[in-house]
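Worksheet: the structure to be examined is printed underneath.
In each ligand, atom 1 is the first atom listed, and ligand 1 is the first ligand listed. Values reported hereafter were calculated over all heavy atoms of this structure, with side chains retained and with hydrogens, waters and symmetry mates removed.
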Amino acid sequence: MKPSILVARAIFPAVLERLSEHFEVEANQKDEVFSPDELRQRLMGKQGALITGSARIHAELLQQLPELKMVANMAVGYDNIDLLACQKYHVMASNTPDVLNETTADFGWALMMATARRITESEHWLRAGQWEKWRYDSFLGPDLHGSVLGIIGMGRIGQAIARRSLGFNMRVLYHNRSRLSPEQEMAANQASYVSKEQLLRESDHVVLVLPYSAETRHTIAAAELALMKPTATLTNVARGGIVDDVALIAALREKRIAAAGLDVFENEPKFHPDFLTLNNVVLTPHIASASEKTRLAMAQRAADNLIAGLTGQRPPDLLTA
Ligand code: DGY
């Protein structure tokens with residue numbers, strides 16, 4: 001008898017086919033977002049699950065699922081999974097690191113550039129038929145080249161963002177839980193390790209790439225925004241909740257910083273409606289890793305983990321509490 005699994009959200013058909021070779025698969029190609037209770041019901045009797053960030057895995061749920069052995073998250077971030085609860089109930093958990101580093105770094109740059117150079121704002125204006133003449137001061141914004149890039153969260157994606165700044169002749173400051181090795185700093189365009197406060201004071205463009213946890217919640221709130229230059233931009237490709245969205249809206253409205261680029265939001269896919277009233281924010285729907293090749297690689301990596309975990313091998317990306 002094959003183990004049975006739930007694939008909790010829609011996924012590439014090729015990955016589903018591969019999983020079907022190993023498992024009895026309950027799929028969800030209609031891509032319903034299950035309520036917590038529906039998720040629990042669908043997980044009943046299953047040995048494994050391939051999930052995304054929309055599924056929350058916690059003690060109360062696991063307590064009711066004695067047959068569950070593994071959850072494979074199709075994401076590098078795993079703030080939706082309580083690892084201590086997994087440990088307690090002997091459920092393995094995995095994520096999909098590495099395969100999305102370069103794609104997410106590309107997108108971080110795209111969002112930062114669109115934000116600084118006012119690309120979406122000017123396009124909306126053009127589409128609205130407002131372009132009547134060229135003006136010397138239309139949509140002026142700060143330069144990227146030659147400026148100071150501040151990266152908060154200097155893991156693999158942060159380092160990939162820093163490497164790209166070499167071609168823009170930027171000076172890189174970073175803040176992280178721990179300092180990189182001298183070799184890593186050199187490879188990250190000679191990045192300098194500084195306090196969060198110094199980074200916020202001196203950077204022209206601040207990019208957030210740190211994981212979400214209770215400790216990193218509201219890493220950027222009113223006090224931090226107050227340290228930033230009025231000409232600076234803030235880009236978040238990490239997680240909603242790392243930024244206090246209400247404080248950010250106030251700072252953007254009062255032009256205390258120039259602009260923000262946000263791919264993630266507190267409580268997404270809902271987001272604070274006031275963002276829609278601001279011109280100086282670029283909003284995207286959590287797509288930083290969304291290149292065709294990378295999303296497929298993430299799905300295959302989640303499948304690799306699940307297949308390993310449910311066939312008696314160690315999942316390559318096993319997470320520990
Ligand atoms: C990740 O991999 O964590 C991305 O944010 C997609 O959820």
Which ligand 1 atoms, with their elements, are less than 4.0 angstrom from a heavy-atom of M298?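 Reading through ligand 1 atom by atom, the close ones are 2 (O).
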Mark up the atoms of ligand 1 that fall under 4.0 Å of a heavy atom belonging to A75, in ascending order. 1 (C), 2 (O), 3 (O), 7 (O)
Can you find an N/O atom of [X] closer than 3.5 Å to an N/O atom of ligand 1?
| X | result |
| --- | --- |
| T96 | no |
| M74 | no |
| V76 | yes |
| R239 | yes |

L100 and ligand 1 - part of the residue with a heavy-atom distance under 4.0 Å: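 Within the 4.0 Å criterion, L100 contacts ligand 1 through side-chain atoms alone.
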Within the structure provided, determine whether N279 and R118 are in side-chain contact (heavy-atom separation under 4.5 Å). no
Measuring only between side-chain heavy atoms, which start at C-beta, is R301 closer than 4.5 Å to P97? yes
Top protein contact for atom 7 (O) of ligand 1, by heavy-atom distance: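 Sorting protein heavy atoms by distance from atom 7 (O) of ligand 1 puts H286 NE2, 3.4 Å first.
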Between H175 and Y193, what is the ring plane arrangement, given parallel below 30°, perpendicular above 60°, and tilted in between?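 Plane angle under 30°, so parallel.
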Using 30° and 60° as the class boundaries, would you call the ring planes of F139 and W125 parallel, tilted or perpendicular? perpendicular
Under 3.5 Å side-chain donor-acceptor pair for Y174 and Q159: no
Which atom pair, heavy atoms only, marks the closest approach of N28 to A8? ND2-O, 2.7 Å
